[in-house]
Number of protein chains: 2
Amino acid sequence: FIELDDISKVYMMGDVKVAALSGVSLRIARGEYAAVMGPSGSGKSTLLNIVGGLDVATSGKYLLEGVEVTRLPDAELARIRCRHFGFVFQSYNLFPELTAIENVMMPMTYARVAPAERARRGAELLDSLGMGHRLRHLPSQLSGGEQQRVAIARALANDPDAIFADEPTGNLATKQGQEILDILEGLNERSVTIVMVTHDEKVAARASRVITMRDGQIDSDRRVAAP
Amino acid sequence: FIELDDISKVYMMGDVKVAALSGVSLRIARGEYAAVMGPSGSGKSTLLNIVGGLDVATSGKYLLEGVEVTRLPDAELARIRCRHFGFVFQSYNLFPELTAIENVMMPMTYARVAPAERARRGAELLDSLGMGHRLRHLPSQLSGGEQQRVAIARALANDPDAIFADEPTGNLATKQGQEILDILEGLNERSVTIVMVTHDEKVAARASRVITMRDGQIDSDRRVAAP
Ligand SMILES: Nc1ncnc2c1ncn2[C@@H]1O[C@H](COP(=O)(O)OP(=O)(O)OP(=O)(O)O)[C@@H](O)[C@H]1O
Ligand SMILES: Nc1ncnc2c1ncn2[C@@H]1O[C@H](COP(=O)(O)OP(=O)(O)OP(=O)(O)O)[C@@H](O)[C@H]1O
Ligand SMILES: [Mg+2]
Ligand SMILES: [Mg+2]
């Protein structure tokens, strides 16, 4: 499904090189549930952005279903992302000028869903995440955890094949974090692929595979028996 | 030191009232180390913003050292905040157009610290938080946990009497989160007051008092024996 082949990402700061990723190789099969862990600055978000097609590697190959994605034109890449991928970013997740429900309806507009269906599905998703009472709030009028839940609803809007989530429960209390994980596990049971960056050992414990990063490289990659 | 007297905060959304806080009364003594917990949307950030003087209550009184703060002119309030308080917000913590070290030097400029001393202290604070190698990065060039650590360095810049931190370890892996907590405990031992919103039971376990919120009110307020 997803294959990274010796991927590197180097930023130039003046004449200093910052290697966010150096030589990462990875395969993710359809239906996997992988947690990505590692210290701050080890390259987790960078890895997720490249896997999700939001960022481009400086060297190495990225293949999606065997097709080299680096050769695809931008418009094609955007179309694949919109239809097949859902994202939850580490921050700055929502369009600040749109309400909660408008934010969730956004990806559906790209996928040409009819207006009535967009509104119905948007309200339903937000309601399932406990956000039914905040549909008309702007992001600035929502608490941190509420913004995070709206972002998750938006990631689910187009019923994606794969969800890439960067710290999706970072701003949520234990009980609400559990509800999010239950939702993700439910999707995984319907063979949605989940790749999730997390700092929380308890969250990683629910994945079937834990990839640990250090200094821009994969430090360990273990299958764990499903509990 | 800090006294909240029947504080309420109500937002108007058209003709719908959203009560973020309803009737909160609280006293915080100098040198306390309090954790604030509760579900998403229960009013923790709102409470912290009012206690820190960054937001104004719609009703009730707020007294600082027995002086009613709601009667102070804005400039006076800003001066107290700059000299005595340090803040770590839940997000959007840093000026996006300033580098890491410039962000940390900002509060020192307000407090009229000499340029050479600002640069020295800024570098020292960032170094103590493991950020010495990222002084010239802009926030957009930093990972989530790196941004959070720069925000903490900035909160410490003017050697404040009280630190108000909203999820300061939310984006950090366990080990780095522990280092932040060690720093905060060290400050508390020198009688810096710490008020910290957290979702993490382990983090709250290190405080001497746990305030739990629910639906805009204080649900419980317990002293715990220091471990
Ligand atoms: N500007 C605003 N206008 C309307 N409602 C608001 C505004 N700001 C906050 N709220 C509402 O007030 C409530 C409390 O918000 P607050 O940010 O204090 O919650 P919180 O406890 O910090 O939550 P979290 O754990 O998710 O960060 C939320 O339900 C939120 O929707
Ligand atoms: N645009 C950029 N320019 C320069 N350096 C960058 C840029 N973006 C990221 N970096 C650096 O790349 C490294 C990896 O960043 P990344 O965001 O992937 O880390 P992370 O593992 O997600 O960390 P965290 O757990 O703190 O979110 C960091 O050290 C960061 O400073
Ligand atoms: Mg990150
Ligand atoms: Mg909050």
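Quick caveat, the model's predicted, so the values are computed rather than measured. Proteins get letters first, then strands, A, B, ... in listed order; numbering begins at 1 in each.
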Seminar exercise, completed: Applying a strict 4.5 Å limit to non-hydrogen atoms, the region of A:S143 in contact with chain B is side chain
Problem set entry | Heavy-atom pair count under 4.5 Å with chain B, highest-scoring of A:Q148, A:K44, A:M37, A:R149 | A:R149
For this session: Flag the one option from A:R136, A:Q141, A:H133 with the top tally of heavy-atom pairs under 4.5 Å to chain B.
Result: A:Q141
For this session: If the plane angle is over 60° it's perpendicular, under 30° parallel, otherwise tilted; pick one for A:F87 and A:F89.
Result: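 The rings of A:F87 and A:F89 lie parallel, inter-plane angle below 30°.
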Exercise. Rounded to the nearest 0.5 Å, how far apart are CD of A:Q178 and CG of A:L181?
Worked result: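 Rounded to the nearest 0.5 Å, the CD-CG separation comes to 5.5 Å.
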For this session: Kindly compute the distance separating CD1 (A:I50) from CG (A:L4), expressed to the nearest 0.5 Å.
Result: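 These two atoms lie 7.5 Å from each other.
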Exercise. What residues, two or more places apart in sequence or in another chain, satisfy side-chain contact (heavy atoms from CB on, under 4.5 Å) together with A:R27?
Worked result: A:E3
Exercise. What pairs with B:D5 under side-chain contact (heavy atoms from CB on, under 4.5 Å), at least two apart in sequence or on another chain?
Worked result: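 Testing B:D5 for side-chain contact (heavy atoms from CB on, under 4.5 Å), a comparison that skips the adjacent residues, returns B:S25, B:K61.
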Problem set entry | Heavy-atom pair with the smallest gap, counting every atom of A:R206 and A:D182 |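 That would be NH2-OD1, 2.7 Å.
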I'd like a table of donor-acceptor pairs (distance under 3.5 Å, sequence neighbours excluded) in which one partner is a side-chain atom from residues 7-20 of chain B, with atom names and distances.
unit_1 : atom_1 : unit_2 : atom_2 : d
B:S8   : OG     : B:G23  : N      : 3.0
B:K9   : NZ     : B:D55  : OD1    : 3.2
B:K9   : NZ     : B:V56  : O      : 2.7

Problem set entry | For chain B, which residues of residues 162-177 of chain A have heavy atoms nearer than 4.5 angstrom | A:E167, A:G170, A:N171, A:L172, A:A173, A:T174, A:Q176
